[in-house]
Amino acid sequence: MSDIDLNNVNDHPPPALRPYHVLVTGFGPFSRYSVNPSWLAVEPLHNAVLTVDIQPDSALPVDQPLASSETSLSARREVRITAIQVPVTYEAVLSIVPGLHARPPVLPPSSDPALSTPFPPPEGYDLFFHVGVIGRGSLRMERIGHKFGYNMKDAANSLAPIVRISRDEGNQPPDGQRMKGLRLRDATDYNVESLVEGNETPKRGFGRGYESFAEEIYTDVDVEKLVHHLKTCGFDQIYTSMDAGHYLCDFLYYCSLAESKRSTKNDKSTPASQVIFLHCPPVGLPLSTEEVTEAIRQSIMWLCRTLTH
């Protein structure tokens with residue numbers, strides 16, 4: 001077989017693929033942070049459009065035939081990013097995150113009127129990239145979200161819902177109706193049980209609506225490979241983690257992982273969205289905001305190269 005004529009290859013533009021839509025979240029103010037470091041890192045990516053080159057054999061739609069190797073070595077895809085801020089409260093997570101996974105998604109009002117938010121893609125987001133702040137040190141790519149164990153008060157001085165799973169729970173309402181109900185429901189209505197008898201320590205976390213989900217949910221992302229890729233990009237201060245903290249970061253991560261699985265169950269025609277969570281340190285301890293933003297950008301590009309739908 002003759003060698004590939006690279007000049008001939010360059011004469012053929014790579015095939016255009018449908019864009020990937022990525023939703024990136026950071027958190028709002030809390031404690032000593034008037035502006036959350038996670039939001040500082042996420043905001044510069046709002047409305048950004050990236051371009052990734054991927055192998056056509058894993059990227060082309062099933063109804064589009066492959067070009068010959070002489071005429072196509074890669075395919076090009078746009079990655080369109082939307083960034084939103086989530087308040088550091090359990091109520092906000094429960095009212096916002098399910099809507100993000102609806103099809104079409106339901107986005108909360110912008111935290112900054114100066115930031116224009118595009119209409120969400122009707123078919124939903126391909127990737128959810130969540131970011132939260134942790135103590136000084138390295139970046140941490142989280143592998144798992146936890147259902148229970150949320151015993152710390154949030155930025156509104158409120159605790160997570162007390163959970164008692166009822167044995168006679170009826171069937172859940174249709175997806176669209178449930179999403180609307182969750183967004184309008186007051187946090188006190190979400191509590192399955194408001195009091196615990198005696199000195200028993202209450203179980204706090206996810207109850208009604210989440211009975212069918214495991215106590216731990218792992219991301220489908222190959223976190224080890226992602227972290228390895230980031231290290232090859234020069235981000236030495238990053239590692240994988242199995243403990244997202246049992247606070248708002250963990251709470252949001254579990255909720256997003258569960259809702260991704262739920263959306264696939266309700267609509268088997270659409271592949272599941274990937275969900276990942278990155279913990280970042282406070283600004284300058286030791287990474288700058290710009291370094292964290294670049295780590296997020298590189299992660300998104302790598303993840304979008306690995307998606308197969």
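Computed from heavy atoms alone, side chains included, the values below leave out hydrogens, waters and symmetry copies.
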Under the salt bridge (Lys or Arg N to Asp or Glu O under 4.0 Å) rule, what pairs show up with a residue in residues 280-302, not counting sequence neighbours?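 Salt bridge (Lys or Arg N to Asp or Glu O under 4.0 Å) check on residues 280-302 returns E294-R297.
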Return the set of residues passing side chain to side chain donor-acceptor pair (under 3.5 Å) with [X] (not counting sequence neighbours), or none when no residue passes.
X    : answer
Y253 : none
S241 : R140, E142
T25  : H130

Would you say [X] and [Y] make side-chain contact, with heavy atoms under 4.5 Å?
X    : Y    : value
P29  : V35  : no
F129 : L23  : no
C233 : W302 : no
S256 : L100 : no
C304 : V22  : yes
C255 : P98  : yes
S138 : I238 : no
V52  : R76  : no

Linking directly or through intermediates, with side-chain heavy atoms under 4.5 Å: list the remaining ILVMFWY members grouped with I144, chain and number order.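 Under the 4.5 Å side-chain rule, I144 groups with Y218, M242.
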Which residues, ordered by chain and number, are linked to F119 in its hydrophobic cluster, where ILVMFWY side chains connect at heavy-atom gaps below 4.5 Å, directly or through other members?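 Traced through the cluster, F119 reaches no other member.
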No-hydrogen, no-angle side-chain donor-acceptor test under 3.5 Å, E259 and Y210: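 Result is yes, a qualifying pair exists.
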Heavy-atom pair with the smallest gap, counting every atom of [X] and [Y]:
X    : Y    : answer
P281 : P37  : O-CB, 4.2 Å
G145 : L257 : N-CD1, 3.9 Å
N151 : P202 : OD1-O, 4.2 Å
C249 : A244 : CB-O, 4.1 Å

Do the rings of F251 and Y90 sit parallel, tilted or perpendicular, given the 30° and 60° boundaries?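 Taking Y90 first and then F251, their aromatic rings stand perpendicular (interplane angle over 60°).
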For residues 219-235, which residue pairs pass the side-chain hydrogen bond (donor to acceptor under 3.5 Å, both in side chains) check, not counting sequence neighbours?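 Every candidate side-chain hydrogen bond (donor to acceptor under 3.5 Å, both in side chains) pair involving residues 219-235 fails, so no pair, neighbours aside, qualifies.
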Please list all pairs passing the side-chain hydrogen bond (donor to acceptor under 3.5 Å, both in side chains) test where one or both residues lie in residues 29-38, with sequence neighbours left out.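 For residues 29-38, and leaving out neighbouring residues, the side-chain hydrogen bond (donor to acceptor under 3.5 Å, both in side chains) pairs sorted by first residue read N36-S38.
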Taking only distance into account, with no hydrogens and no angle test, what donor-acceptor pairs under 3.5 Å do side-chain atoms of residues 79-88 form with protein atoms, sequence neighbours excluded?
residue: R80; atom: NE; partner: E78; partner atom: OE1; Å: 3.1
residue: R80; atom: NH2; partner: E78; partner atom: OE1; Å: 3.0

Taking side-chain contact (heavy atoms from CB on, under 4.5 Å) as the definition, give me every residue that meets it alongside L115, ordered by chain and number, with sequence neighbours left out.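 Scan of L115 (side-chain contact (heavy atoms from CB on, under 4.5 Å), adjacent residues dropped) gives W39, E43, H46, S110, D112.
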Ring centers of F206, F213 separated by less than 6.0 Å: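 Here the rings of F213 and F206 have centres that are no less than 6.0 Å from each other.
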Is the centre of the F128 ring less than 6.0 Å from the centre of the H101 ring?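 Yes, they do, as the ring centres are separated by less than 6.0 Å.
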Would a hydrophobic clustering, with Ile, Leu, Val, Met, Phe, Trp and Tyr connected at side-chain separations under 4.5 Å, put Y239 with V292?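 No: no chain of side-chain contacts under 4.5 Å links Y239 to V292.
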Non-neighbouring partners of H246 that pass ring pair (Phe, Tyr, Trp, His ring centres under 6.0 Å), sequence neighbours left out: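 Only H146, Y150 meet the ring pair (Phe, Tyr, Trp, His ring centres under 6.0 Å) criterion with H246.
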With H279 via ring pair (Phe, Tyr, Trp, His ring centres under 6.0 Å) - residues at least two apart: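 Counting only residues at least two positions away or on another chain, H279 forms a ring pair (Phe, Tyr, Trp, His ring centres under 6.0 Å) with F277.
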Should D126 and R77 count as an ion pair when the cut-off is N to O under 4.0 Å?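 Answer for the salt bridge query: no.
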